[in-house]
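Okay, so here's the structure we're looking at.
Counting starts at 1 for both ligands and their atoms, following the listed order.
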Amino acid sequence: MLASRLRQSLRGVRRMSSARTLPTIDLSDQASAAAALDAAFSTYGCCYITGCNRSMRQEYSCTLFAGHGINLEKEANVMQAAHEVFRMPAAAKKACERPNTGNGFIRGFIGLGGESGSELIEVKEAFSYGYEWPSSSPPTNPLQGPNVWPSSAAFPTNHKKALQSYFTDLSNVSKQLTTNMSLALGQPATYFGDYSQAGDTISIMRAFHYFPYDKLRRNASDTNYVGSSPHTDWGFLTLILQDPTGGLQFYHEGDWIDVPYVPGTLVVNGGDYLSLLTKGRWVSPVHRVVNHHTDKERYSMVYFYYPDYDAKIPEPETDTVAARQAGIASKLNTLVDGSLDLSSVSFGDYIASKWANVQRSS
Ligand SMILES: O=C(O)CCC(=O)C(=O)O
Ligand SMILES: [Fe+2]
């Protein structure tokens, strides 16, 4: 059912988005946040978050949150930096291209059409970076390693610093969220965090620049284009900062729900691995980015928070199978579709192969 609806929308048959909106959860009140997170992740697999509690500001010196919302000045600086990356001349972009290692290392610039999660052409360019791996110590797995930054002549240092600082902020927000989420499931506070002792060293931040489809397509009836193909995220948590353009949609009970920009919030969705850890209680939601209604360009900053490279992938339990049959998990979630011998791969090997598979020649 889900698969056939997805196929319909892939063929360009547009369904009306329902009026439903995702809940906004204020993390500053831990007790109410716990119940709200469980409800949101069981129902939608995603929500908006705002606020932070005092312990988070003290523990992580988190500058992202101000009062009960996002620090809008910081957010504006990050978005400005994302614009500047994509405003660089072609030669400067080429000079910091993602190396073509084929092993899942995706740091650096990825040109228009250089990646897709389906047979559709994704009309976007991207720049990925992560933890600043010290040049003195060799990486311990293929997802680690030095970032591939543009030259300081092409990309001023203040913008680079804004991006670096945002990576640290969102790593800290994710760590806090793993605590909130552990409590939401009635587990000890460190339950999820224990899976990600050094997950930030392989986590990845991606700046995206989406174009109107006409940038690539030759005639308006050609339906082969999308911003980001319908997919589930593969890891633990994804945090999304978007501009006001719109186009992000989550799939819920037969409809695509629009997820517009709400100032002072971030969008958070759970990934396949989180869903598996919760035995299917929490949904790994199908989502996409479209450009149906606007000829505007769209920018977003998307942070993928991961467990440790060596984290084991738990076998789906029978109730996950039941959940799958009820349509909670999707065909797009390869951790539960039975296509993989989960006992023989670590989380990191799995993620590296997923990243390698979305590479396209641009
Ligand atoms: O750009 C966005 O808002 C979301 C993109 C996304 O879902 C992804 O890259 O996994
Ligand atoms: Fe995603």
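Residue contact check for ligand 1: Arg298 places a non-hydrogen atom closer than 4.0 Å to it. A heavy-atom separation below 4.0 Å is not found between Arg288 and ligand 1.
Side-chain atoms of Thr43 do not come within 3.5 Å of backbone N or O of Ala40 as any donor-acceptor pair. Remark: the backbone N or O of Leu120 is paired with a side-chain donor or acceptor of Ser116 at under 3.5 angstrom.
Under a 4.0 Å N-O distance rule, the pair Glu297/Lys124 does not qualify as a salt bridge.
Between His287 and Tyr251, the ring center distance fails the sub-6.0 Å criterion.
Of the heavy atoms in His231, only side-chain atoms (C-beta onward) come closer than 4.0 Å to ligand 1. With a heavy-atom cut-off of 4.0 Å, His287 touches ligand 1 through its side chain alone. Only side-chain heavy atoms of Val289 come within less than 4.0 Å of ligand 1; its backbone N, CA, C and O stay farther off. For Asp233, every heavy-atom contact with ligand 1 shorter than 4.0 Å involves the side chain, none the backbone.
With rounding to the nearest 0.5 Å, the separation of CZ in Phe250 from CG in Asp258 is 11.5 Å. The OG atom of Ser203 sits 6.0 Å away from atom OH of Tyr305, with the distance rounded to the nearest 0.5 Å. The structure places CG of Asp308 at 11.0 Å from OH of Tyr195, a figure rounded to the nearest 0.5 Å. Atom-to-atom distance recorded for Gln359:CD and Arg98:CZ is 3.5 Å, nearest 0.5 angstrom.
Using modelled atom types and a 3.5 Å distance limit, the side chains of Trp282 and Asp38 yield a donor-acceptor pair. Donor-acceptor pairing under 3.5 Å is lacking for the side chains of Asp26 and Thr50.
Remark: minimum distance from atom 5 (C) of ligand 1 to any protein heavy atom is reached at Tyr210 OH, 3.4 Å.
When each atom of ligand 1 is checked for a heavy atom of Val302 under 4.0 Å away, the hits are 1 (O), 2 (C), 4 (C). Close contacts between ligand 1 and Ile240 involve ligand atoms 3 (O) [criterion: under 4.0 Å to a heavy atom]. Residue Ser300 approaches ligand 1 through these ligand atoms, each under 4.0 Å from one of its heavy atoms: 1 (O), 2 (C), 3 (O). Each of the following atoms of ligand 1 lies closer than 4.0 Å to a heavy atom of Phe208: 1 (O), 9 (O). Close contacts between ligand 1 and Phe304 involve ligand atoms 8 (C), 9 (O), 10 (O) [criterion: under 4.0 Å to a heavy atom].
Looking only at protein N/O/S atoms, the ones less than 2.8 Å from the Fe ion (ligand 2) make 3 in total.
Note: Trp234 and Trp355 have perpendicular aromatic rings, judged against thresholds of 30 and 60 degrees for the angle between ring planes.
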